[in-house]
There are 2 protein chains.
Amino acid sequence: MSPTTNAESLRADSARVRARMLAAARDRMAAGGLDLSMNAVAKAAGVGVGTVYRHFPTRQALLESLAAQSLETLVATAVAAAREPDVGTGLAALLRAGLRIQLSDPALAEVLAAVDAVCAETLDLSRDLAAAIATLLDRARTEGAIRPDLTADDLRRLLCGLQHAVRIGATDDDADRYLDILLAGLRP
Amino acid sequence: MSPTTNAESLRADSARVRARMLAAARDRMAAGGLDLSMNAVAKAAGVGVGTVYRHFPTRQALLESLAAQSLETLVATAVAAAREPDVGTGLAALLRAGLRIQLSDPALAEVLAAVDAVCAETLDLSRDLAAAIATLLDRARTEGAIRPDLTADDLRRLLCGLQHAVRIGATDDDADRYLDILLAGLRP
DNA sequence: ACCTGAACACCGTTCAAGT
DNA sequence: ACCTGAACACCGTTCAAGT
């Protein structure tokens with residue numbers, strides 16, 4: 001056995017353990033809610049607590065890792081929306097996607113609302129998201145489709161607020177109407 | 001000592017203890033945030049944990065007791081808003097007050113967002129609030145000042161969402177703009 | 001009657017000890 | 001190198017024991 005092989009098998013095993021922990025965390029999240037417990041994740045993944053902490057130094061780090069995939073999808077959607085020929089269509093698509101993805105992934109809702117990320121990957125993705133939104137808003141502003149004072153951070157916060165309004169007990173139909181209300185409110 | 005005097009002094013003492021616990025809870029809330037701990041409240045009030053539970057059977061009950069005063073104020077504001085000669089002015093006043101009071105009292109924000117109350121008093125006040133909002137919305141609908149499909153529950157949820165959007169890191173100026181955006185979005 | 005606080009089963013987090 | 005799990009200081013909640 002060369003040391004390389006050994007290291008690689010270690011790495012492969014580590015990756016497998018990491019995946020198992022994330023899966024367990026996702027299960028707990030889907031079942032219970034936002035009360036993600038490190039100890040419970042460890043038990044569910046058949047792993048010591050220390051191993052969870054080795055991969056995710058804090059609860060926030062675990063949350064960000066859970067949300068990474070959704071955040072990536074949201075960034076891609078925002079980039080596509082910014083390229084949409086019709087700005088209004090792009091804006092509507094972005095808001096709708098931003099709401100839907102937050103509702104389907106509570107971890108993303110929390111990460112999107114957090115002031116400061118703890119993982120480098122999350123920071124990068126957040127920057128990309130902000131840039132895409134800013135591009136879309138610039139275009140919309142130029143065409144007079146939105147209030148001139150709207151920033152990318154404003155839109156992010158309003159999107160988080162919309163999510164909260166829906167999660168609090170709204171139906172899917174309600175969610176569509178709230179989306180409509182926000183879109184109407186953004187017009188100049 | 002007549003038994004009446006004895007019972008009354010017990011009741012008076014109980015009320016004093018209750019007030020001390022609420023004050024301690026309010027302090028903790030103002031300082032730390034939303035992480036209201038029953039044990040910490042007991043210690044800060046110089047009282048056994050059991051005494052806290054005797055007065056507030058659950059954390060939610062304590063939260064509602066904390067929010068009761070703010071909720072009363074909000075109800076009064078809503079009633080006054082419903083009587084405002086100009087519906088638009090009334091609606092704007094209600095939203096502004098609803099946002100401000102939630103920001104100043106995190107307990108109220110949580111109670112307003114909760115699906116079901118646990119204290120009878122909270123239930124009554126919530127019903128009063130819903131009734132006042134419904135009255136205002138009926139008038140606004142008749143005058144064609146708002147979307148016809150808007151319910152009192154919609155407005156409550158949107159108000160909670162607005163609070164969330166602001167708490168997430170917005171400035172006071174941002175809050176005013178978000179308020180404006182919501183008001184604009186509510187128009188038909 | 002009312003209050004106390006030890007006790008229970010949890011939580012996030014750390015770290016000596018094992019492989 | 002990596003993992004384990006007992007240990008620490010907490011949490012919400014209960015309830016026998018005291019006054």
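Letters A, B, ... are given to chains in the order of the sequence lines, protein chains preceding strands, and every chain is numbered from 1.
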Query raised in the report: Could you give the CE-to-P distance, from B:M38 to C:dC8, as a whole number of Å?
Result: 21 Å
Query raised in the report: So, B:T151 and B:D154: side-chain donor and acceptor under 3.5 Å apart, yes or no?
Result: yes
Query raised in the report: Are any of B:S37's side-chain N or O atoms less than 4.0 Å away from OP1 or OP2 of D:dG12?
Result: yes
Query raised in the report: If you check every side-chain atom of A:V49, which of D:dT14, C:dG12, C:dT14 has the closest atom?
Result: C:dT14
Report summary line: Here the distance between atom P of C:dA17 and atom CZ of A:R54, to the nearest Å, is 18 Å
Query - Short side-chain N/O contact to C:dG12 OP1/OP2 from A:N39, under 4.0 Å - result: yes
Report task. Give the rounded distance in Å between these two atoms: CZ of A:R28 and P of C:dC11. Result -> 8 Å
Report summary line: In whole angstroms, the gap separating P of D:dC3 from CZ of A:R20 amounts to 10 Å
Query raised in the report: What's the CE-P distance between A:M21 and D:dT4, to the nearest Å?
Result: 9 Å
**Report entry** Nucleotide nearest B:R59 when distance is taken to its side chain, options D:dG12, C:dG5, D:dT4
**Finding:** D:dG12
**Report entry** Length of the OH-C1' vector between A:Y53 and C:dG12, whole Å
**Finding:** 4 Å
Query raised in the report: If only atom types and distance count, is the side chain of B:Q60 paired as donor or acceptor with the main-chain N or O of B:A114 below 3.5 Å?
Result: no
Query raised in the report: Would A:D180 and A:R177 pass as an ion pair if we require N to O under 4.0 Å?
Result: no
**Report entry** Pairwise 5' ranking along DNA chain D for B:T58 and A:H55, keeping only the more 5' one
**Finding:** A:H55
Query raised in the report: For C:dC2, which nucleotide is its Watson-Crick or G-U wobble mate, given both distances must be under 3.5 Å?
Result: D:dG18
**Report entry** Any strand: nucleotide that pairs with C:dG12 via Watson-Crick or wobble, under 3.5 Å
**Finding:** D:dC8
Query raised in the report: Rounded to the nearest Å, what distance is computed from the CG atom of residue A:L63 to the C1' atom of nucleotide C:dG12?
Result: 14 Å
Query raised in the report: Would you say the side chain of A:R156 lies within less than 4.5 Å of the side chain of A:S126, judging by non-hydrogen atoms?
Result: no
Query raised in the report: Nearest-Å distance, CG (B:L36) to C1' (D:dT13)?
Result: 15 Å
Query raised in the report: So, B:D174 versus B:T171: side-chain donor-acceptor pair below 3.5 Å or not?
Result: yes
Query - Nearest-Å distance once atom P is located in both D:dT14 and C:dA1 - result: 22 Å
